[in-house]
Amino acid sequence: MAKKANKRKQAQAVKAAAAPVTRRNMLKLVRNGALAGLALTGAGYAGARMFSDYKEMHDLARIGQGKPAVVQVHDPQCPTCTALQREAKRAMQAFGECDLIYLVADLRQAEGAAFATRHGVGRVTLLLLDGRGQVTSVLQGMRQEEELAGIFAGHFRRHGVRRS
């Protein structure tokens with residue numbers, strides 16, 4: 001059985017090697033190469049964008065620079081934390097990055113763990129901070145998007161940057 005398969009593969013290889021180079025085959029090769037290049041470029045762009053967003057969302061140095069913030073103390077391996085993050089991100093869609101910033105203190109990273117320890121909180125927690133970086137409210141436990149949207153709106157009304 002194995003000899004049959006080998007003979008068939010050898011015959012296919014010989015046939016492929018003997019195939020004439022035609023204009024049609026060259027155009028197919030160019031087209032497929034261009035499509036592959038386009039796909040790789042798109043994947044690279046998407047990957048770079050995701051990394052940039054991830055890095056920006058985990059940059060706790062942005063706290064206290066004049067904009068009110070919502071910081072989630074997050075353990076990426078905790079399903080409840082992940083669900084809370086999804087709900088918080090949905091609730092944040094009503095605000096622009098210029099109004100209210102959303103950050104993540106990842107407990108698996110030194111900076112995130114230090115942040116949580118400094119504020120005496122654990123996972124599945126949201127901290128609302130004013131523009132100076134002072135904690136104004138601590139929300140512990142799972143919350144739904146609708147509830148969070150109302151809480152975030154009230155936080156922004158109280159601590160948002162006033163525009164002239």
Side-chain angles (χ1 to χ4, degrees), residues 1-116 123-129 131 142-149 151-153 155-156 160-161 163:
M1 184 95 160
K3 287 187 178 189
K4 258 189 182 178
N6 286 339
K7 285 182 183 180
R8 189 176 341 119
K9 285 183 182 178
Q10 287 174 351
Q12 287 174 345
V14 168
K15 184 178 177 183
V21 177
T22 63
R23 182 172 180 203
R24 177 176 285 191
N25 288 343
M26 287 304 292
L27 289 174
K28 281 183 183 178
L29 184 65
V30 168
R31 179 200 65 199
N32 291 344
L35 289 174
L38 187 61
L40 287 174
T41 301
Y45 176 77
R49 176 83 177 170
M50 285 175 55
F51 178 76
S52 174
D53 290 348
Y54 174 86
K55 190 173 179 179
E56 187 175 298
M57 194 168 48
H58 287 76
D59 183 12
L60 298 178
R62 296 172 59 202
I63 295 172
Q65 295 184 356
K67 295 179 188 173
V70 176
V71 180
Q72 179 180 357
V73 179
H74 179 72
D75 179 355
Q77 294 182 340
C78 165
T80 308
C81 293
T82 304
L84 177 61
Q85 185 176 41
R86 187 173 39 252
E87 296 296 320
K89 282 182 177 181
R90 286 183 191 149
M92 287 295 294
Q93 288 177 350
F95 302 94
E97 184 68 21
C98 295
D99 298 329
L100 187 62
I101 58 175
Y102 176 76
L103 300 170
V104 174
D106 189 338
L107 292 173
R108 303 225 174 245
Q109 296 177 1
E111 186 181 13
F115 178 85
R123 59 187 189 168
V124 193
T125 303
L126 294 169
L127 286 96
L128 306 180
L129 297 98
M142 185 63 196
R143 309 284 175 119
Q144 297 302 314
E145 173 190 354
E146 297 79 21
E147 179 184 6
L148 290 173
I151 293 169
F152 295 168
H155 178 64
F156 177 70
V161 178
R163 294 192 179 101

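FYI, side chains are in, hydrogens and waters are out, and symmetry mates aren't considered; it's all heavy atoms of this structure.
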Quick check for you: to the nearest 0.5 Å, what is the distance between T82 atom OG1 and D75 atom CG?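 Going from the OG1 atom of T82 to the CG atom of D75 covers 8.0 Å.
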Is it true that atom CZ of R31 has more than 12 heavy atoms of other residues, nucleotides or ligands lying nearer than 6.0 Å?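 Yes, enclosed.
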Closest heavy-atom contact between A88 and F152?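 Result for this residue pair: O-CE1, 3.9 Å.
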Side chain to side chain, R108 and Q77, heavy atoms closer than 4.5 Å: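 Counting from C-beta outward, R108 and Q77 do come under 4.5 Å.
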Run the side-chain contact (heavy atoms from CB on, under 4.5 Å) test on F115 and Q109 for me, step by step, so that the C-alpha distance in whole Å, both residues' side-chain angles and the decisive distance to 0.1 Å come before the verdict. CA-CA 10 Å; F115 178 85; Q109 296 177 1; over 6 Å; no
Heavy-atom closest contact (H155 atom, A69 atom, distance):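 Closest approach of H155 to A69, heavy atoms only: NE2-O, 3.7 Å.
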Distance, nearest 0.5 Å, that separates CZ of R90 from CD of E146: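 So the CZ of R90 and the CD of E146 are separated by 9.0 Å.
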With H74, which of L126, L103, V124, V104 fulfils side-chain contact (heavy atoms from CB on, under 4.5 Å)?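 Going through L126, L103, V124, V104 one by one, the side-chain contact (heavy atoms from CB on, under 4.5 Å) with H74 is satisfied by V104 alone.
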Evaluate side-chain contact (heavy atoms from CB on, under 4.5 Å) for R143 paired with E145, printing each intermediate quantity in order. CA-CA 7 Å; R143 309 284 175 119; E145 173 190 354; over 6 Å; no
Does the side-chain contact (heavy atoms from CB on, under 4.5 Å) test come out yes or no for E111 and H58, once each step is laid out? CA-CA 9 Å; E111 186 181 13; H58 287 76; over 6 Å; no
To the nearest 0.5 Å, what is the distance between CG (L107) and SG (C81)?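 Nearest 0.5 Å value for the CG-SG distance: 7.0 Å.
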Taking NZ, NE, NH1 and NH2 as the nitrogens, is one of them in D99 or K67 under 4.0 Å from a carboxylate oxygen of the other?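 Salt bridge: no.
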Closest approach of L129 to L127 (non-hydrogen atoms, all atoms of both residues):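 For L129 versus L127, the nearest heavy atoms are CD1-O, 3.5 Å.
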Minimum heavy-atom distance between L100 and P68, given as atom pair plus value: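 Taking every non-hydrogen atom into account, CD1-O, 3.4 Å.
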Spatial distance of atom OG1 (T80) from atom CZ (R123) [nearest 0.5 Å]: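 So the gap between those two atoms works out to 7.0 Å.
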Quick one: are I151 and V70 in side-chain contact, heavy atoms under 4.5 Å?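 When only atoms from C-beta onward are counted, V70 and I151 do not touch, as no gap falls below 4.5 Å.
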Separation of D106 CG from M57 CE (nearest 0.5 Å):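 It is 9.5 Å, given to the nearest 0.5 Å.
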So which atom in A91 and which in A149 form the shortest heavy-atom distance, rounded to 0.1 Å?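 In terms of heavy atoms, the two residues are closest at CB-N, 3.7 Å.
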Would you compute the distance between atom CE of M92 and atom CD of Q72 and round it to the nearest 0.5 angstrom?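 Result: 11.5 Å between the selected atoms.
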